[in-house]
Chemist: 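Once you've had a glance at the structure underneath, I'll fire off some questions.
Chain letters run A, B, ... following the sequence lines, proteins first and then strands; every chain starts at 1. Because only heavy atoms are used, hydrogens play no part in the values below, and waters and symmetry mates are left out as well, while side chains stay in.
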Amino acid sequence: MKRYNPSEIEPKWQKIWEEGESFAAQDNSTKPKKYVAGQFPYPSGAGLHAGHTRVYSIVDATARFYRQNGYEVLNPMGWDTFGMPAENYAIKTGISPQAATKTNIANFKHQFKRLGVSIDWDREINTSHPEYYKWTQWIFAQLYKKGLAYRAENYQWWCPIDKTVLANEQVENGKCWRCGSEVEKKKMRQWFFRITKYAEELLAGLDDLDWPEGVKAAQRNWIGKSTGAEIDFEVEDYPHFIDKRNPLRSDKPFTKRKIIQAFVHDPKTNKYLFVKWKKFPWTSCVIGGIEGDEDAVAVARREILEETGYKNLKFERVLGKLRSEFYAANKEVNRDTDATQVLFTLENDERAKVSAEEDAIQEPVWLDRSECQYDDMPNYDETMLAFERIDGKRPTHKITTFTTRPDTMFGITFLVLAPEHPMVGKITTEEYAREVEKYRAATLKKSDIERQENKEKTGVFTGAYVINPANGERVPVWAGDFVIAGYGTGAILATPAHDERDWEFAVKFNLPIKVVLNPTSIDSKDLSQEIQKMTNGDEFNHAFHDEGVMVNSGEFSGLSSPEMREKVVKWLAQRGAARFKTTYKMRDWLISRQRYWGAPIPIAYDKDGNEHLIPDDQLPVILPKIDDYKPDDSGRSALAKSPEFTKVIIDGIEMTRETDTMDGFACSSWYLLRYADPRNGQHAWDPKKVNFWNPVDYYVGGEHSTTHMLYVRMWTMFFRELGLTDFSEPITKFMKNGQILAADGTKMSKSKGNTIDPLEVIDSGYGADALRTYILFMVPPDMDAAWSLQGLGGVHRFLGRVWNLVQEYVELSDASRFGPPTSCSVSEAGRNGEKERDNDGLNRIIHKTIKKVTNDMRRSSFNTAIAALMECTNELYKLKENGFNDEWRKALSDMMLLLAPFAPHMAAELFEQLGNKEMVEQATYPTWDEKYLVSDVMTIAVQVNGKLRATITVPVDADRAEIEKTALAHENAAKFIGGKKPKKIIYVPGKIVNVVI
RNA sequence: GGGCGAGUGGCGGAAUUGGUAUACGCGGCGGACUUAAAAUCCGCUGGUUUUACGACCUUGUGGGUUCAAGUCCCACCUCGCCCACCA
């Protein structure tokens, strides 16, 4: 008897498959299609690892299963070849990425073939081949034409020593991975794809996908939708000017002076109250000095009365502030004034007597809006600023914040801007300018990791204030790096009593905490006390951020927080100060890389720096072979050093090419479509072929595919808009494969030396079949699993048993040495009810297994399917003690068909040895017949009060009464029933009798 | 902090719809074959208890629903993974 020797049969069948092109997918098939694919690999120099083996064992078992089940199956393979490793290798060794890639692909392909995977190699693609990236560039052009590819400024990591841009993962503790020097963030022009346009569609589409919930959740989280409101805060204006007619004199001392500027509006005439100076050709509003902490409004009221006699005034609001510097000749000082502007309405024109002194120098006048210019203020624009406020027009300076909790509006005690926020530079007062600038610079240097690790809040006061539009309160504005520039508006309103982060910030910088929300269970006084304790740092150290009832919120007090959210935004919206807003965490996709080894971006610039698409007939923009792959001093890729590359003529005009290349994710965002039509030289694909094969029915990939799969989805949505596909979701079912861990349960890594080399496993005598079957058997496909050599041995032993069983049968059958036929088939013996053994007859075993394996394959439960085949083998071993007969040939053949998706070489070999002319991978998958599964008896569990007390065997056609009678009569059951009358008897047909007493 | 998932023998795991928990494999023990070993084959293998039949306990912990719970509900504990100052 021949021993199982995979090293003999595996090469034999691999050769047959290759020569017969057994797995070529037919475009014009009339069969239903199944498109099965694993995420294509990056062919590294190290060759296949255990993870690859896992992915493609899952893919191949599924592909083979559907192929045997009458589907036209597309199971392609390609290479994701662009990327940093090849480029770094080239910089180090001088071996071109093209050459290294070629070698690696050849090695990967060879290794895949040794696994015996059923791939249609005619459809092989390679993203770094011009035939492929021509179309990647073409797709870029389509996106560009629709405004979905654009250039914008963006902060990038920059190493000043290497003079190169670094990716996030190349920055280690704020230092360059290569030279160890401190890196900084630099503003650079970068290319983006506008994926945010699809945010809502990407989110909504998830609901209908047959993907693992965890993967869907990760995408939802990545998209990060949140609904809230944008709220505008007027900056308390404080424009500064120097009186040009009265310039400062450097030899004179400075004095500070606080003043008010009082405006009175008469609604009847729509005029404004001013005073005209009698001795000078000046007209101005009422002006007066403030002493100490005096109330500006009271001062204004008094000054108006003193200077003009008007006394019935209604206070409207404080408008803001103006600051000026000038030389006051009469006092011989440089004066720095800080003017608070206050507006009143005239209720009636009753006047008091003005003092003789005042009367002598000035008289009141009523002016139209257009006439209102202060003669003593030289800068007309600054003057107008104050009047724009009088007119109720929009303020010139505002800060827009995003919040999900507008209900806490009345609890705002400060604002925080991201340090990078453009308003920071504009609003910061001179006094704080140095500190703010220092902080800003320090923040830009911090790596993201540092920002993450150091959770301690940092920030600086800008010196500026804004007005809370809900209650008119003055609110200080801070800059802090816990606010992220790219999210929302890069500015937040802080309600420390009701937000953890604001809380921390307030505590650290000793800012006020104002409670405006109570849990319903505690009345308002209680919570204030709690908060008081919190601020004292006692028992409580956190904010209350749940829903509740509003307090201290003006007319909104008493509303529930969700109710308030709606109402306060609507209320503010009437004044143009707020609007409902949905934001997404997801940013546009940055695709430009200052790297050589990628698909060149098909853009050129004219003399004036205008962008021009490379025309279609000049595609592809070929990546030229160069000698030195190092990026040059400009921080651009090595391509910039090639004048032949950079120079291009478009429509007769000489231009300079873009030297950035595209992110590898761009290349992998459409490869699943290219497989449907991989050799098309005229188009990216023929929609007819793509609409036949795609979307992918079964896609296998690792957990790091969240972004990859978002990008694939976005592109597909775009293609659908262009009419290039009929569908907008590219992947119908996704299987997230788990990792293979080392035997000690830790991650495999070269440095630890605990990796498993699949080729070594094959060569050491186990063979590809045992390797594949073991990998699928160890755990369900989506679970992590630790490698076990003993486990592999067990599966190898199982395959050996299958082999020996078939050998035994074949040898006996060839020699025609079967004894007289034994009645081991239910089809004959079972029906006649001759022998009890017939319940375990050949057909029953096989059909039971067919059913189990088929159903398990449909739900990708490979481990249990293989377990069923092991069980089947064990049972056949017992059965063969009674001798073989002719029925075994069919039974064993069927078993080979079930085994083929896992151990295709052995199945093919044994299927052939069993005398089948067909190839196992083309032969029809067996179906089960229920008639073999029904036995003439069944086993019923007997429970008393829910506890198992006995099992009884009854004829299948026994009726309920009979079964209950048998159950009650059972010795052990009767013991527990103890002669009592059952209250109730539950009978679950074919399974259980439960006697309740 | 947020999200997702998982806790079942000595180990990996099975139990698909609430219906005989521990399939299958590993490991362990015993046996057959062998001069011997390997390989192969056969049997036993959750715990406590019992001569035995059996009984009692057991799916992270504590409650609940139900004739019946690994499975459903509530609370808690532990672990893993992903995202993470996202307002």
Side-chain angles (χ1 to χ4, degrees), chain A residues 3 212-218 220-222 224-226 228 401-405 408 416 451-452 454-457 480-484 486-495 499-502 504-505 542 545 583-587 703-704 706 738-739 745 774 777-780 782-795 797-798 800-801 804 852 855-856 858-859 861 863-874 877-878 881 939-951 971-972 975-976 982-997:
Chain A
R3 268 191 72 184
E213 280 309 313
V215 175
K216 291 207 239 180
R220 283 191 194 104
N221 187 43
W222 186 273
K225 180 179 182 171
S226 60
T401 60
F402 174 73
T403 181
T404 54
R405 295 298 299 267
T408 59
V416 187
R451 275 206 195 186
Q452 268 174 41
N454 185 14
K455 297 261 173 110
E456 180 86 357
K457 295 275 179 296
D481 73 355
F482 79 97
V483 178
I484 295 158
Y487 180 74
T489 60
I492 63 153
L493 48 82
T495 53
D499 182 284
E500 259 350 298
R501 294 150 303 186
D502 300 347
E504 276 175 44
F505 198 84
H542 58 86
H545 55 250
T583 358
Y584 301 89
K585 263 194 252 181
M586 184 169 65
R587 318 287 153 81
E703 62 194 339
H704 296 297
T706 305
Q739 289 186 28
Y774 169 59
F777 176 67
M778 52 203 308
V779 290
D782 56 342
M783 213 179 266
D784 289 353
W787 182 262
S788 155
L789 195 59
Q790 284 161 333
L792 174 68
V795 169
R797 201 169 306 141
F798 154 66
R801 278 163 70 80
N804 291 339
K852 172 77 178 149
N855 286 330
D856 284 352
R858 285 177 183 157
R859 61 188 182 106
S861 183
N863 56 329
T864 53
I866 294 164
L869 286 165
M870 290 174 168
E871 216 172 329
C872 174
T873 307
N874 294 344
Y877 261 71
K878 281 187 195 124
E881 295 302 311
T939 310
I940 306 281
V942 180
Q943 296 181 342
V944 179
N945 281 342
K947 289 205 169 197
L948 183 70
R949 295 302 176 192
T951 54
E971 190 191 354
N972 201 46
K975 197 171 108 193
F976 283 88
K983 273 188 209 147
K984 202 185 214 184
I985 297 175
I986 285 137
Y987 174 57
V988 182
K991 288 193 168 144
I992 265 179
V993 173
N994 189 6
V995 182
V996 187
I997 53 165

Chemist: Measuring to OP1 and OP2 of A39(B), would you say a side-chain N or O of Arg3(A) lies under 4.0 angstrom away?
Modeler: no
Chemist: Tell me if a side-chain donor or acceptor on Asn945(A) pairs with a main-chain N or O of Ile997(A) at a distance below 3.5 Å.
Modeler: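 Flag set: sc Asn945(A) to bb Ile997(A) pair under 3.5 Å.
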Chemist: Which heavy atom of Thr951(A) sits nearest to which heavy atom of Ala941(A), and what is that distance?
Modeler: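 Nearest heavy atoms, Thr951(A) then Ala941(A): CG2-CA, 4.2 Å.
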Chemist: We want to know whether Arg3(A) and Asn804(A) form a side-chain donor-acceptor pair, criterion being a heavy-atom distance below 3.5 angstrom.
Modeler: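 No pair is found: no donor N or O on one side chain lies under 3.5 Å from an acceptor on the other.
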Chemist: Answer yes or no for Lys457(A) and Phe482(A): cation-pi contact, defined as NZ/CZ to six-membered ring centre under 6.0 Å and angle to ring axis within 45°.
Modeler: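 Satisfied, under 6.0 Å and within 45°.
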Chemist: Measure the distance from CZ on Arg859(A) to C1' on U17(B) and round it to the nearest whole Å.
Modeler: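 For the pair Arg859(A) CZ and U17(B) C1', the rounded distance is 13 Å.
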Chemist: P atom, C41(B) versus C73(B): distance in rounded Å?
Modeler: 45 Å
Chemist: For atom P, what is the distance between C33(B) and U22(B), given to the nearest Å?
Modeler: 34 Å
Chemist: Identify, between Arg797(A) and Gly488(A), the residue whose nearest nucleotide on RNA chain B lies closer to the 5' end.
Modeler: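 Result: Arg797(A).
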Chemist: Determine the contact category for Tyr584(A): base if any of its heavy atoms lies under 4.0 Å from a base atom, sugar-phosphate if only primed atoms, P, OP1 or OP2 are that close, otherwise nothing.
Modeler: nothing
Chemist: What contact category does Lys991(A) fall into here, base, sugar-phosphate, or nothing, at under 4.0 angstrom with non-hydrogen atoms?
Modeler: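 Answer is sugar-phosphate: Lys991(A) comes under 4.0 Å of backbone atoms only.
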Chemist: Looking across every strand, which nucleic acid part, if any, lies under 4.0 Å from Gly214(A) by heavy atom: base, sugar-phosphate, or nothing?
Modeler: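 The answer is sugar-phosphate, as Gly214(A) gets under 4.0 Å only of primed atoms, P, OP1 or OP2.
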Chemist: Using the P atom in both, what is the distance from U20(B) to U71(B), to the nearest Å?
Modeler: 14 Å
Chemist: Give a yes/no answer on whether the side chain of Thr864(A) brings an N or O atom under 4.0 Å of OP1 or OP2 in U16(B).
Modeler: no
Chemist: I'd like the C1' distance from G25(B) over to G13(B), given in whole Å.
Modeler: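 9 Å, rounded to whole Å.
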Chemist: Answer with base, sugar-phosphate or nothing: what part of the nucleic acid does Ser226(A) contact at a heavy-atom distance below 4.0 Å?
Modeler: sugar-phosphate
Chemist: How close do Ala491(A) and Val483(A) get, counting heavy atoms only, and between which atoms?
Modeler: N-CG1, 4.1 Å
Chemist: With a non-hydrogen cut-off below 4.0 angstrom, is Asp502(A) in contact with a base, only sugar-phosphate, or nothing?
Modeler: nothing
Chemist: Could you tell me whether Val988(A) contacts a base, only the sugar-phosphate backbone, or nothing, with contacts defined as non-hydrogen atoms closer than 4.0 Å?
Modeler: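 Answer is base: heavy atoms of Val988(A) come under 4.0 Å of a base.
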Chemist: With nearest nucleotides of RNA chain B determined for Asp856(A) and Asn221(A) from heavy-atom distances, which residue corresponds to the more 5′ nucleotide?
Modeler: Asp856(A)
Chemist: Using whole Å, report how far CE of Met783(A) lies from P of G7(B).
Modeler: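 Result: 7 Å.
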Chemist: For Gly224(A), which contact category applies under a 4.0 Å heavy-atom criterion: base, sugar-phosphate, or nothing?
Modeler: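 It contacts nothing in the nucleic acid.
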Chemist: If we take the C1' atom in both G46(B) and A14(B), what is their distance in whole Å?
Modeler: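 After rounding to an integer number of Å, I get 15 Å for this pair.
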Chemist: To the closest 0.5 Å, what do you measure between OG1 (Thr404(A)) and CZ (Phe402(A))?
Modeler: 6.5 Å
Chemist: Looking at every strand, decide which applies to Tyr774(A) at a 4.0 Å heavy-atom threshold: base, sugar-phosphate, or nothing.
Modeler: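 Since no nucleic acid heavy atom lies under 4.0 Å of Tyr774(A), the category is nothing.
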Chemist: May I have the distance from Ile997(A) (atom CD1) to A68(B) (atom P), rounded to whole angstrom?
Modeler: 13 Å
Chemist: Answer with base, sugar-phosphate or nothing: what part of the nucleic acid does Asn804(A) contact at a heavy-atom distance below 4.0 Å?
Modeler: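 Since no nucleic acid heavy atom lies under 4.0 Å of Asn804(A), the category is nothing.
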Chemist: When rounded to the nearest Å, what value does the distance between C1' atoms of U58(B) and A69(B) take?
Modeler: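 Between the two C1' atoms, the distance is 14 Å.
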Chemist: Hey, does Lys852(A) reach any base, or is it just sugar-phosphate, or nothing, if we go heavy atoms under 4.0 Å?
Modeler: base
Chemist: Please confirm whether the shortest side-chain N or O distance from Asn863(A) to OP1 or OP2 of A14(B) is below 4.0 Å.
Modeler: yes
Chemist: Counting only Watson-Crick or G-U wobble pairs whose two distances fall under 3.5 Å, which nucleotide matches U78(B)?
Modeler: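 Across all strands, the one nucleotide that pairs with U78(B) is A6(B).
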Chemist: Between CE of Met870(A) and CZ of Phe777(A), what distance do you get to the nearest 0.5 Å?
Modeler: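 Reported to 0.5 Å precision, the distance equals 4.0 Å.
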Chemist: Phe777(A) side chain: which of G25(B), A87(B), G54(B) is closest?
Modeler: G25(B)
Chemist: Watson-Crick or G-U wobble partner for A37(B), using a 3.5 Å limit on both distances?
Modeler: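 Its partner: none found.
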Chemist: Closer than 4.0 Å, any side-chain N/O of Arg801(A) to the OP1 or OP2 of C42(B)?
Modeler: yes
Chemist: Taking the same atom, C1', in C44(B) and in G9(B), what whole-Å distance lies between them?
Modeler: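 Per the computed distance, 15 Å lies between those C1' atoms.
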Chemist: Which part of the nucleic acid, if any, lies within contact of Arg858(A), taking any heavy atom under 4.0 Å across all strands shown: a base, the sugar-phosphate backbone alone, or nothing?
Modeler: nothing
Chemist: So Lys947(A), base contact, sugar-phosphate only, or nothing? Heavy-atom distance under 4.0 Å.
Modeler: sugar-phosphate
Chemist: Pick base, sugar-phosphate or nothing for Pro780(A), based on heavy-atom distances below 4.0 Å to the nucleic acid.
Modeler: sugar-phosphate
Chemist: Would you call G43(B) syn or anti, using the 90° rule around 0?
Modeler: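 Base orientation relative to the sugar is anti.
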Chemist: Expressed in angstrom and rounded to an integer, what is the separation of Gln943(A) atom CD from A69(B) atom C1'?
Modeler: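 Distance, rounded to whole Å: 12 Å.
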Chemist: Across all strands, who's sitting opposite G70(B) as a Watson-Crick or G-U wobble pair, both distances under 3.5 Å?
Modeler: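 Answer to the pairing question: none, since G70(B) forms no Watson-Crick or G-U pair.
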Chemist: Does a side-chain N or O from Arg949(A) land closer than 4.0 Å to OP1 or OP2 of C56(B), or not?
Modeler: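 Affirmative; the distance criterion is met.
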Chemist: Measure the OH-CE distance between Tyr487(A) and Met586(A) for me, rounded to the nearest 0.5 Å.
Modeler: 12.0 Å
Chemist: Roughly, in whole Å, what's the span from CG in Asp782(A) to P in A6(B)?
Modeler: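 Roughly 10 Å, once rounded to whole Å.
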Chemist: Looking at Arg220(A), I'd like to know whether one of its side-chain N or O atoms comes within less than 4.0 Å of OP1 or OP2 on C4(B).
Modeler: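 No, because none of the side-chain N or O atoms of Arg220(A) sits under 4.0 Å from OP1 or OP2 of C4(B).
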Chemist: For the pair made of NZ in Lys457(A) and C1' in C85(B), what is the distance, rounded to whole Å?
Modeler: 5 Å
Chemist: Nearest of C26(B), A87(B), U20(B) to any side-chain atom of Gln790(A)?
Modeler: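 My answer, after comparing the listed nucleotides, is C26(B).
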Chemist: Kindly point out which of A23(B), U20(B), A87(B) is positioned nearest to the side chain of Thr951(A)?
Modeler: U20(B)
Chemist: How many Å lie between CH2 on Trp222(A) and P on C81(B), as a whole number?
Modeler: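 Distance check: Trp222(A) CH2 to C81(B) P gives 19 Å.
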Chemist: Could you point out which residue of Asp502(A), Val416(A), Thr401(A) forms a side-chain contact (heavy atoms from CB on, under 4.5 Å) with Leu493(A)?
Modeler: Thr401(A)
Chemist: For G27(B), give the paired nucleotide (Watson-Crick: N1-N3 plus N6-O4 or O6-N4; G-U: N1-O2 and O6-N3; both under 3.5 Å), or none.
Modeler: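 Checking every strand shown, G27(B) finds its partner in U45(B), with both distances under 3.5 Å.
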Chemist: Rounding to the closest angstrom, what is the interatomic distance between A87(B) and G70(B) at atom P?
Modeler: 41 Å
Chemist: Hey, is the main chain of Lys585(A) close enough, under 3.5 Å, to the side chain of Arg587(A) for a donor-acceptor pair?
Modeler: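 Yes; at least one donor-acceptor contact below 3.5 Å.
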Chemist: Side-chain N or O of Asn874(A) versus OP1/OP2 of G25(B): is the shortest distance under 4.0 Å?
Modeler: yes
Chemist: Identify which nucleotide among U20(B), C24(B), A68(B) has an atom closest to any side-chain atom of Ile992(A), counting heavy atoms from C-beta outward.
Modeler: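 The answer is U20(B).
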Chemist: By the 4.0 Å heavy-atom rule, please label Glu971(A) as base, sugar-phosphate, or nothing.
Modeler: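 Result for Glu971(A) = nothing.
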Chemist: Rounded to whole angstrom units, what separation is found between the CE atom of Met870(A) and the C1' atom of G13(B)?
Modeler: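 My rounded result for the distance is 12 Å.
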